[in-house]
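These notes concern the structure reproduced below.
Just so it is clear, the structure is predicted and the values come from calculations on it, not from any experiment.
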Amino acid sequence: QISLVDAGDGETGLGLCEGDCNTDADCNPLLVCYQRNGYDPVPGCSGSGVQDWDYCIRDPSTQAPIAPLAFVGNPATNLNHCEGDCDSDADCNGDLVCYKRDGYDPVPG
């Protein structure tokens with residue numbers, strides 16, 4: 001599971017397990033804003049986060065498969081979803097962002 005991330009109140013473009021969202025529009029595509037009370041657990045995420053904050057989760061109504069990770073090379077550019085190894089957002093296609101991780105940390109989405 002991915003740890004909850006407190007990105008700030010009123011932010012948009014939030015990723016998986018990031019908050020505080022107010023509507024689904026605050027979350028990246030294929031994610032929805034999970035409304036909670038207090039420290040209710042957030043599905044698919046770990047940690048307690050901030051009391052009464054809402055977090056983006058995978059839309060349970062979509063059946064989109066989770067893309068396998070693919071190593072394209074280093075350096076690499078024009079990378080698609082779940083391809084690596086990126087060093088910056090400029091290495092990724094469109095509005096995709098480069099997710100930096102340590103070791104074998106899970107990649108959100």
Side-chain angles (χ1 to χ4, degrees):
Q1 288 190 339
I2 298 170
S3 296
L4 292 174
V5 174
D6 306 324
D9 186 29
E11 295 296 319
T12 59
L14 296 169
L16 186 62
C17 299
E18 293 182 348
D20 179 34
C21 58
N22 296 305
T23 68
D24 294 349
D26 296 337
C27 303
N28 284 333
L30 300 179
L31 302 177
V32 294
C33 184
Y34 180 77
Q35 305 287 321
R36 69 180 193 156
N37 295 311
Y39 290 104
D40 288 347
V42 178
C45 305
S46 64
S48 58
V50 176
Q51 184 176 6
D52 294 323
W53 273 29
D54 306 314
Y55 292 85
C56 297
I57 63 168
R58 249 182 100 93
D59 185 346
S61 69
T62 63
Q63 298 301 315
I66 296 175
L69 299 179
F71 178 74
V72 174
N74 189 2
T77 58
N78 298 316
L79 296 169
N80 292 309
H81 188 249
C82 293
E83 291 182 340
D85 178 33
C86 60
D87 295 312
S88 72
D89 293 348
D91 294 337
C92 303
N93 280 324
D95 62 352
L96 296 174
V97 296
C98 182
Y99 178 77
K100 307 266 187 200
R101 67 182 190 154
D102 292 319
Y104 292 103
D105 289 347
V107 176

Checklist line | Gap separating the NZ atom of Lys100 from the CG atom of Asp85, nearest 0.5 angstrom | finding: 8.0 Å

Next item on the list: Could you tell me whether the side chain of Val32 reaches within less than 4.5 Å of the side chain of Ile57, counting heavy atoms only?
Entry: yes

Next item on the list: To the nearest 0.5 angstrom, please state how far the CG atom of Leu96 sits from the CG atom of Asn80.
Entry: 7.0 Å

Checklist line | Polar side-chain atom of Glu11 near backbone of Gly8 as donor-acceptor pair, under 3.5 Å | finding: no

Notebook entry, point to check: Short question: side chain of Asp20, backbone of Trp53 - any donor-acceptor pair under 3.5 Å?
Noted result: no

Notebook entry, point to check: Which heavy atom in Arg36 sits nearest to a heavy atom in Gln51, and how many Å separate them?
Noted result: NH2-N, 4.4 Å

Item checked: Trace of the disulfide bond (SG atoms under 2.5 Å apart) decision for Cys17 with Cys45 -> CA-CA 6 Å; Cys17 299; Cys45 305; 2.0 Å; yes

Check: For Gln35, which of Thr23, Asp52, Asp40, Asp54 qualifies under side-chain contact (heavy atoms from CB on, under 4.5 Å)?
Finding: Asp54

Check: Could you give the distance from CG (Asn74) to CG (Asp91), rounded to the nearest 0.5 Å?
Finding: 8.5 Å

Next item on the list: Take Val42 and Leu4 through the test side chain to side chain contact (heavy atoms under 4.5 Å, CB included) and record every step on the way to the result.
Entry: CA-CA 8 Å; Val42 178; Leu4 292 174; 4.0 Å; yes

Note to self: Quick one, Leu14 and Cys56 - any side-chain contact, counting heavy atoms below 4.5 Å?
What the structure shows: yes

Notebook entry, point to check: CG/Asp26 to CD/Glu18 distance, rounded to the nearest 0.5 angstrom?
Noted result: 12.0 Å

Item checked: From Asn78 atom CG to Asn93 atom CG, the distance as rounded to the nearest 0.5 Å -> 5.0 Å

Next item on the list: Decide yes or no for Cys27 and Cys21: does some side-chain heavy atom of the first lie under 4.5 Å from some side-chain heavy atom of the second?
Entry: yes

Note to self: Quick one, Ser48 and Tyr39 - any side-chain contact, counting heavy atoms below 4.5 Å?
What the structure shows: yes

Check: Side chains of Tyr34 and Pro43: closer than 4.5 Å at any heavy-atom pair?
Finding: yes

Next item on the list: Return yes when the gap between the SG atoms of Cys98 and Cys86 is under 2.5 Å; return no otherwise.
Entry: yes

Notebook entry, point to check: With distance as the sole test, does Asp89 use its side chain to make a donor-acceptor pair with the main-chain N or O of Val97 at under 3.5 Å?
Noted result: no

Check: Is Leu31 close to Leu16 at the side-chain level, that is, under 4.5 Å between some pair of heavy atoms?
Finding: yes

